[in-house]
Amino acid sequence: MPASTGKPLRGSGLASAPIAEPSAKPGLVGAGPGPFERPRALTAPDDLRALLRSAFGFADFRPFQEQVCRAATEGRDLLLVMPTGAGKSLCYQLPGLARGGTTLVVSPLIALMDDQCAKLKAQGFCAERIHSGRGRAESRAACVEYLAGRLDFLFIAPERLRVPGFPEMLAKRPLALIAVDEAHCISEWGHDFRPDYRLLGERLPTLRPAPIVALTATATPDVQDDIVAQLGLEDARRFIHGFRRHNLAIETVEIAPGGRADAIRELLAERARRPAIVYAATRKNVEELATALGRRVAAGYHAGMDAAERERVQSAFLSGALDVIVATTAFGMGIDKADVRTVVHAALPGSVEGYYQEIGRAGRDGKRSIAVLMHSFVDRKTHEYLHDRDYPDASVLAAIYAALAPTPRDREGVRAKAGLDAESFERALEKLAIHRGAVLALDGTLTRGEPGWKKPYLVQRDHKLAQLRAIARYAESHGCRMRALVRHFGDQEDADERCGLCDACAPEASVLARHRAPSAAEQAAIARILSMLAREGDLATGRLHREGFADGALDRRNFEHILGGLVRAGLVEIDEATFEKDGKEITYQRASLTPAGRLHGADASGISLPKTREAKPKRGKAASAEAKRRAFFAKQARRKKRVGR
Ligand code: ADP
Ligand code: MG
């Protein structure tokens, strides 16, 4: 509804109408002299659609929106997981309006709240927001509006629920619906864990019986379970949809770090592959890559730049004046650019969830787009190193905890007592604070927190490591990329088909991967693998390698390359399987012959292997940096061997 009508959706009397109880037929409230007739009661599916048209001006529902809106309008708690841009907000906005009264929206980001609030106001709704970026008077005015029943939507930051009296104030009126946006923030397994989201589990019950709608674009089945448990939504319906993208050709390619800049330049030289987003691992890599691509077409974007410069680069990219943005993952949240043709990952990302979010920024307009992930074993080593650094041993956190006291202590004193250098101290302290073992005051002092920090910390530490392993496994796997991603998120109505576009389904269409014919030794290895599979049916790939090549004729890395060649040729199929060990689920891959593979016999014809792209020889400074990095990893490997890990 356009704001220009000047008519509020709801007069003050309307919001005092009774809220529909979960099992009751939802009662709708007339909108008064508004520009649309709000139906008296929702009985037919057409009513919600009518409200969609009159209130939002949308011609029809997007996929899955209708069934979700229906469930929420009926008062069901629900968990909604759909990708960014799918239209999740409507799935609480429409039911909230249909039920009548104020919809409370919990959101983690001030910018997001401001943005959504402004959008709703422009559509003619009464919306307000309360967060730390607003003055006392503004927040008080918002409360007055709320208590008078004049708000359709009230956005709050989760930490508000900590303010004494605030939850009680909210509870003075029955809510139409409670929406928890970016709900993955409540799970310490999610990639944006926000400790304040934990308050929701305690405080939301006092605001019931309103239904709770938890929304997120990124939650694996584990995180979904965690959200449901944390929010106490045992009977929630789950809608997990829309993860399959039909216009995205995904490719992963093994390239040594030194060869990546050239490969990206080559890739993006073609006009049709731009605009493009290139994700790099560090700020330094961003700068180097932007320079390598040429500052005329590419610019860097990372959190180390000043805000004005970031803003300039971002708007140049959004407006089309800049073709390529090279960025850390700091770039992209809330970015709406429909015509991005290519997303490149210049290094292995930290999780499949983050990676999926990032490639999701390609091809929002529905046109064919590509996503290329570059990786090599060096990336895995870097991950391990960073994980060791960022998630120190629990004993480091324990030393800080022991140095704290029930009364505030000076930061430097605590650091000295814990016996840590400044950098390790800050990293470990951050983790301790997240898990409530330390309380950081605004004046910089530290106080001892709750004793139970260790278990959740270790859970998070393990989970991060599992995420790193999952993305490495994904990059090295041989099956259909899109199917692997869709399965990762547990999409409910997916057909589980091969995408036909990725480097596994359509290797001939790969933009970067290059292939070559196998050598005589490799042909022999291919024959050995094919005959073993013909004999044994299906086999775990680890066992296939161990037993097939006990003579040491083929190392594991080259074995994987050959397996990839067999999959691309359509002769072998790889499936993920799991087993339980010490209460943990272990994932592994099983190989079997396809029907074509069974007919093919044991010869190596028609099979191609990846041509690994090597770095060009380096000169000067870059060469010595590369040598230093190699020496570092070699030293680490020796150390690990010694310690027996
Ligand atoms: P998400 O939260 O899933 O990332 P949003 O709720 O922000 O996505 O919606 C993305 C865009 O789609 C918004 O501009 C929204 O107005 C629009 N949109 C949502 N539902 C519909 C619909 N049924 N018809 C047309 N546009 C829609
Ligand atoms: Mg959203």
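Whatever order the structure lists them in is the order used to number ligands and atoms, beginning at 1. Please read all numbers here as calculations on a predicted model, not as lab measurements. Position 1 is the first residue of the sequence, and the numbers go up from there.
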Next item on the list: Could you check Asp323 against Arg271 for salt bridge (charged side-chain N to carboxylate O under 4.0 Å, His left out), going step by step and ending with a plain yes or no?
Entry: CA-CA 9 Å; Asp323 249 5; Arg271 185 72 200 86; 3.3 Å; yes
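Every residue meeting the ring-ring contact (aromatic ring centres under 6.0 Å, His included) condition with Tyr279, not counting sequence neighbours, appears here in chain and number order: His345. Partners of Tyr474 according to the ring-ring contact (aromatic ring centres under 6.0 Å, His included) rule, which considers only residues two or more places apart in sequence or in another chain, are Tyr355.
Ring geometry for Phe155 versus Phe153: interplanar angle of 30 to 60°, hence tilted.
Among residues at least two apart or in separate chains, salt bridge (charged side-chain N to carboxylate O under 4.0 Å, His left out) pairs with a member in residues 207-231 are Asp77-Arg208, Asp225-Arg238.
Listed by chain and number, Phe58, Asp60, Phe61, Arg62, Gln65, Pro83, Thr84, Gly85, Ala86, Gly87, Lys88, Ser89, Lys119 each place a non-hydrogen atom less than 4.0 angstrom from ligand 1.
Between Asp339 and Arg341, none of the side-chain N atoms (NZ, or NE/NH1/NH2) sits under 4.0 Å from a carboxylate O, so this pair counts as no salt bridge.
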